[in-house]
Amino acid sequence: MTKASIALKRSILKFSLMLSWDSHRLSQVTLWIKGNQRALKGEPMSNKSTFATPALAAACLGFVVVSLDATVANVALEDLRLALAANLSMLEWVLNAYTVAFAGLLLSAGAVTDMVGARRCYLAGTTIFLAASVYCGLTGTAMGLICARALQGAGAAAIVTASLALIAAGFPDRGPRSRAVAIWAMCGGSAMAAGPLIGGALLELAGWRAIFLINVPVLLTAMHLCRLTRSAPPRKARAFNPLGQSVAIVALASLTLALVEAGQRSFTSPTVLGSLAVAACCLAVFVVTEKRRTDPMLPPALFASGRFTACCLAGFALNYGFYGMLFALSLRFRVLGFGAFETGLALLPLTLCLSGANLIGGTMIGRYGARIPILCGLSLACLGYVGLAAGIGIGGYAWLVPGMFTVGAGSAIAVTALSAEALSVVESALAGIAGGTLTTARQVGGAFGVACYGILLGGKDGIESTGGLQLAFLTATIVVLAALVLGAKALRANIEAEAC
């Protein structure tokens, strides 16, 4: 390794730590102001203050763990490859098993939460996630880790849906509830942004098993706080569709398997063709069962709105590019000789701006509405992927920084606005299922992104070369650009409808 390379890595370390510390201090000040705004006005703090309830604390801790585990494993991929003798497809499944289970079970988790109550569902989800985290940290095989990650995804689906229900029950008034949800979202975004850096630090200090075992004390604390919350709201008579749920997750897993295996074999291999056939059959069964039900998992009224459909496609496209890029760059930096902690630091331009960009997106929504930030965010993401494709061709870490920063900022701005837009175009009775559908579309996009990037990279040699990475970034550009065109079309149609 040259002296220039060592000096560059030291500069990255110092600059990133400075940014991380400044961001942390700003975050703490913001939280303190929000939590003590009543005291600042001279009003007494009530028991229902935002920070005085264990419901919000439990919800935030659970969401932090779920968001952290979505990105923390990326910097450990090279260590997992060596320790568990895993090939590229296995590494993809370490990430995708979590995402596929999370996406596939998210809608049903909402129905279960309504049936059994938020507190019971939250405790069940955290118990599953805790057990899976312990198994992740103790397993000695790649397949064992993949299975445990899928179990983590199942627990994550229950935690996310139940945590929002806990907030709704703990904050019946609209104003405090909005502030609580904002804090919950900020905690999740910060955890996702900090995932690579925390993962790198734990890898350097205690090895790859620590990135999973660190969940145990946090989840135990969250479970204790959940037990202190008020009793769950009355159960709602919401039907559960076990057949539709089963075939949906099998279809998603089979399609992901086909994409992952296509990168290692070919699209004509029996495994790939068989997986595609299973996915097609399961998808057909899902459509038939949904049409026959009076209360389908995905109500047709949702997709009657072109704007809602455009939001789901945009969420898919953004996560396709973001998760795939995080997977590829993490491997790329490790292959180039970066340590685990250095890899986390090198990814900070991508992740550090997430929280700040979320605030910018929120400000833009308040001033211009949700649709303009969506288009601006998608446009920035497109430019960022083009910059990454150009930067990886030129060579050198410094050429990747502008692209990573632009992709991170654009994605965060767009995602913040997508949630607001998706909920504004459906009836209030469908708000919960609309939010779950958008989140599912994003998670599916993330799984497909990792799988498709794996196809384009083709193996370790593909990670070391620049051609596969350039093609992967250009593919992400095309996918996000398509979402931008569809979003612009939906916006124009909406403006014309309002003018009439």
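Residue numbers count from 1 along this sequence. Quantities reported herein were computed from a predicted structural model and do not represent experimental measurements.
Between M143 and L84 the shortest side-chain heavy-atom distance does not fall below 4.5 Å. The side-chain heavy atoms of L418 and R442, taken from C-beta on, include no pair separated by under 4.5 Å. Side chains of V94 and I146 form a contact here, defined as non-hydrogen atoms less than 4.5 Å apart. Side-chain contact check for F63 versus I159: every heavy-atom pair is 4.5 Å or farther apart. You'll find the side chain of W93 reaches within 4.5 Å of the side chain of L257, heavy atoms only. Side-chain atoms of E92 and F327, non-hydrogen and from C-beta on, do get closer than 4.5 Å to each other. Here the side chains of P196 and N74 are not in contact, with every heavy-atom distance at 4.5 Å or above. Considering only heavy atoms from C-beta on, Y323 stays 4.5 Å or farther from L95 through its side chain.
Taking the six-membered ring where tryptophan is involved, the planes of F212 and W208 are perpendicular, since the angle between them exceeds 60° and thus also 30°. Between F338 and Y397, the ring planes are tilted. Angles from 30° to 60° get that label.
Listed for the T161 side chain is a donor-acceptor partner under 3.5 Å among the backbone atoms of A158. In this structure a side-chain-to-backbone donor-acceptor pair under 3.5 Å is present from Y385 to G321. Side chain of T139 to main chain of Y135: no donor-acceptor pair is present (N/O by atom type, distance under 3.5 Å, no hydrogens or angles). Looking only at distances, a side-chain donor or acceptor of T126 sits under 3.5 Å from a matching main-chain atom of L123. Without hydrogens or angle criteria, N87 side chain to M90 main chain gives a donor-acceptor distance under 3.5 Å. Distance alone, capped at 3.5 Å, places no donor-acceptor pair between the Y98 side chain and the A148 backbone. Using a distance-only test at 3.5 Å, with no hydrogens or angles considered, a donor-acceptor pair links the side chain of S163 to the main chain of V160.
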Begin from the C-alpha positions of L252 and F448 and carry the test side-chain contact (heavy atoms from CB on, under 4.5 Å) through to its verdict. CA-CA 10 Å; L252 177 56; F448 281 21; 3.9 Å; yes

Stepwise, does the side-chain contact (heavy atoms from CB on, under 4.5 Å) test hold for T99 with V450? CA-CA 10 Å; T99 307; V450 172; over 6 Å; no

Apply side-chain contact (heavy atoms from CB on, under 4.5 Å) to residues L130 and N215 and explain how you reach the verdict. CA-CA 7 Å; L130 189 150; N215 295 335; over 6 Å; no

Evaluate the side-chain contact (heavy atoms from CB on, under 4.5 Å) criterion for residues R149 and D69: first the C-alpha distance (whole Å), next the side-chain angles of each, then the deciding distance (0.1 Å), finally the verdict. CA-CA 9 Å; R149 287 283 288 172; D69 274 57; 3.9 Å; yes

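Residue V216 forms a side-chain contact (heavy atoms from CB on, under 4.5 Å) with just one option from L219, L220, I214, and that option is L220.
The two residues A103 and Q443 make their nearest non-hydrogen contact at CB-CB, 3.4 Å.
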